[in-house]
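Dropping the structure in here first, questions after.
Just so it is clear, the structure is predicted and the values come from calculations on it, not from any experiment. Lettering follows sequence order; numbering is per chain, from 1.
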Protein chains: 2
Amino acid sequence: MTIANPSTSTSTEEPGSAAQRDRRKRILDATYDLAAAGGFDAVQMRAVAEQADVALGTLYRYFPSKIHLLVSALGRQFDEASARLNEREIPGDTPADRVLYVLKRMARGMQGDPKLTEALTRAFMFADSTVTNEIHVVGMAMTSIVTHAMHGGEPAEGALTDEDVAIARVIGDVWLSALVAWVTGRSTAAETAAHMETAVHLILRD
Amino acid sequence: MTIANPSTSTSTEEPGSAAQRDRRKRILDATYDLAAAGGFDAVQMRAVAEQADVALGTLYRYFPSKIHLLVSALGRQFDEASARLNEREIPGDTPADRVLYVLKRMARGMQGDPKLTEALTRAFMFADSTVTNEIHVVGMAMTSIVTHAMHGGEPAEGALTDEDVAIARVIGDVWLSALVAWVTGRSTAAETAAHMETAVHLILRD
DNA sequence: GCAAAATCAGTAACACGTTCCAGTTTCGTT
DNA sequence: AACGAAACTGGAACGTGTTACTGATTTTGC
């Protein structure tokens with residue numbers, strides 16, 4: 001339905017003073033709200049600053065660009081999704097079934113928040129090398145989710161073969177392309193789902 | 001109030017007066033040159049207009065946005081590549097070998113023009129539903145290139161199975177993701193090539 | 001408890017995509 | 001050749017991301 005706003009969880013200890021953490025949190029919350037309400041274009045730096053009760057210069061001190069801001073928000077989202085999915089067993093009899101299960105779960109969450117998804121995906125696609133760190137987090141989370149599903153939810157982290165990782169990466173690539181096509185209005189949710197299903201069966205061959 | 005929009009025609013026979021065709025070509029040439037020299041950011045609408053010897057308003061009459069402009073340039077480029085590749089036999093003993101041959105050829109071309117590739121890829125990733133037509137051209141050209149390679153360069157257009165098309169799409173998806181990773185500086189050319197090789201063998205299994 | 005350093009608010013200004021407009025030129029038709 | 005429609009030019013202007021600057025306020029080091 002809706003993607004949980006991660007602002008309530010402060011599991012990882014972030015550096016800086018309490019006031020800094022406060023401002024950072026307020027900024028990310030404002031970003032999240034604006035993105036969820038109006039998508040990429042609605043996340044305007046002046047609006048974020050105002051809603052976070054922070055000056056524009058301060059906003060730029062914390063996040064050097066709109067892309068950094070949105071990708072950081074995406075990173076938190078993905079971390080949360082990954083954590084939720086990886087701590088449970090995945091239903092399904094075959095790897096393909098299980099992978100499709102998690103992909104469909106993620107798709108459902110995203111379709112429930114299309115504007116937010118559009119904003120974060122656009123930022124991800126537009127990011128350059130200055131955002132490499134934040135983006136790497138997303139890629140690894142995706143690989144983790146897929147391999148975890150392939151192995152049926154068993155914590156077989158050490159048993160990942162090269163082929164497992166390659167398969168997960170390919171599925172992640174297809175997923176990303178499908179996501180972009182959906183976000184940019186070039187394919188419907190149903191077409192995206194059908195394409196993912198075809199691709200997963202093709203790659204995991206059953 | 002005017003409806004006419006010369007930019008919406010992408011077929012080989014372009015309508016309009018000679019002057020219109022002239023302007024369109026000048027605009028696309030200027031776009032190409034600026035993109036090749038400085039990438040996405042260097043393709044500035046005022047600069048394109050000036051270099052094409054056209055007023056800014058005229059540029060916007062032909063291409064309603066920077067994204068349309070760049071995606072159209074990408075379409076022209078892809079059409080040419082597709083035509084060149086499809087009129088010859090593809091070397092290689094297996095479908096995987098042949099597909100990798102054309103992918104590596106394309107990769108080499110792109111690495112030779114990194115700024116141009118960056119500009120066109122960025123535009124492609126940022127396009128929305130108003131550019132669907134132009135983007136469809138690119139997608140079909142990609143599918144055509146891959147299926148042509150799979151079948152060894154034989155003109156077996158009528159014999160494409162659903163699976164052929166699905167495979168071509170998946171390979172296109174992986175290609176696109178790899179391209180984005182390379183363009184945004186998140187992976188090197190060598191990593192991209194290795195990933196493509198792994199993925200193609202995985203999908204075409206031989 | 002205090003001075004220096006860092007941070008912040010507020011605001012102006014710049015850059016580039018985009019829109020709009022008034023006047024001029026080109027094009028197709030009669 | 002003349003006329004109306006469409007296209008073109010040149011330039012002003014607007015919105016939003018980004019930068020720069022100044023004077024207050026908070027934090028830090030001692």
Side-chain angles (χ1 to χ4, degrees), chain A residues 14-27 30-31 34-35 37-73 118-119 122-123 125-128 130-131, chain B residues 1-9 14-28 30-31 34-35 37-73 118-119 122-123 125-128 130-131:
Chain A
E14 310 203 27
S17 69
Q20 281 175 335
R21 264 179 279 122
D22 238 32
R23 285 200 176 81
R24 196 187 150 84
K25 173 181 175 302
R26 288 208 310 272
I27 290 171
T31 303
L34 287 168
F40 186 88
D41 289 340
V43 181
Q44 299 180 1
M45 301 305 268
R46 289 173 180 84
V48 172
E50 186 179 359
Q51 184 158 332
D53 203 23
V54 144
L56 193 55
T58 305
L59 172 54
Y60 271 93
R61 178 184 301 275
Y62 280 77
F63 299 94
S65 77
K66 174 172 175 173
I67 297 297
H68 280 79
L69 179 57
L70 282 168
V71 171
S72 294
E118 185 251 3
R122 278 243 150 85
M125 291 291 92
F126 214 66
D128 61 7
T130 66
V131 212
Chain B
M1 280 303 174
T2 51
I3 306 292
N5 182 348
S7 75
T8 54
S9 68
E14 312 203 25
S17 69
Q20 279 176 336
R21 260 178 282 120
D22 251 23
R23 284 200 178 83
R24 190 173 202 280
K25 179 175 185 310
R26 286 208 309 272
I27 289 171
L28 284 178
T31 302
L34 287 168
F40 186 89
D41 289 341
V43 181
Q44 299 180 0
M45 300 306 268
R46 290 174 179 86
V48 172
E50 185 180 359
Q51 182 157 333
D53 203 23
V54 143
L56 192 56
T58 305
L59 172 55
Y60 271 93
R61 175 183 297 277
Y62 279 79
F63 300 95
S65 78
K66 174 172 173 172
I67 298 297
H68 281 80
L69 177 57
L70 282 168
V71 172
S72 295
E118 184 252 3
R122 278 243 149 82
M125 291 290 90
F126 213 66
D128 61 6
T130 67
V131 208

If you restrict it to nitrogen or oxygen atoms, what contacts under 3.5 Å exist between nucleotides 11-17 of chain D and the protein, and what is each distance?
residue, atom, partner, partner atom, Å
dA13(D), N6, Arg46(B), NH2, 3.1
dT16(D), OP1, Gln44(A), NE2, 3.0
dG17(D), OP1, Val43(A), O, 3.4
dG17(D), OP1, Lys66(A), NZ, 3.0
dG17(D), OP2, Met45(A), N, 3.1
dG17(D), N7, Arg46(A), NH1, 2.9
dG17(D), O6, Arg46(A), NH2, 2.9

Whole Å only: how far is the CZ atom of Arg23(B) from the P atom of dT25(C)?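 For the pair Arg23(B) CZ and dT25(C) P, the rounded distance is 13 Å.
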Below 4.5 Å, heavy atoms only, C-beta onward: do Val48(A) and Leu56(A) meet side chain to side chain? no
Give a yes or no on whether a salt bridge exists between Glu118(B) and Arg122(B), defined as a side-chain N under 4.0 angstrom from a carboxylate O.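 Yes, Glu118(B) and Arg122(B) are salt-bridged.
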After noting the C-alpha distance and the side-chain angles of Asp128(B) and Ile67(B), does the key distance pass the side-chain contact (heavy atoms from CB on, under 4.5 Å) rule? CA-CA 9 Å; Asp128(B) 61 6; Ile67(B) 298 297; 6.0 Å; no
Just by distance, do the side chain of Lys66(A) and the backbone of Met45(A) share a donor-acceptor pair under 3.5 Å?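 No: the side chain of Lys66(A) does not pair with the backbone of Met45(A).
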Using whole Å, report how far CD of Glu50(A) lies from C1' of dA9(C).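 So the two atoms are 13 Å apart, to the nearest Å.
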How long is the line joining CZ of Arg61(A) and C1' of dA5(C), in whole Å?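 Taking atom C1' of dA5(C) as the reference, CZ of Arg61(A) is at 12 Å.
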I need the Ile27(A) CD1 to Thr58(A) OG1 distance, nearest 0.5 Å. 7.5 Å
Pairing annotation in dot-bracket form, given for DNA chain C with Watson-Crick or G-U pairs under 3.5 Å and | for cross-strand partners: ||||||||||||||||||||||||||||||
Interatomic distance, Phe63(A) CZ vs dC8(C) C1' [rounded to whole Å]: 16 Å
Rounded distance in Å - CG (Leu59(B)) to P (dC20(C)): 16 Å
Could you give the OH-to-P distance, from Tyr62(B) to dT19(C), as a whole number of Å? 18 Å
List the residues meeting side chain to side chain donor-acceptor pair (under 3.5 Å) with Asp53(A), not counting sequence neighbours, and say none if there are none.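 Side chain to side chain donor-acceptor pair (under 3.5 Å) list for Asp53(A), sorted by chain: empty.
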First locate atom CZ of Arg23(A), then atom CZ of Arg61(A), and finally report the distance between them rounded to the nearest 0.5 Å.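 The CZ atom of Arg23(A) sits 10.5 Å away from the CZ atom of Arg61(A).
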A side-chain contact here means heavy atoms from C-beta on lying under 4.5 Å apart; do Phe126(A) and Phe40(B) qualify? yes
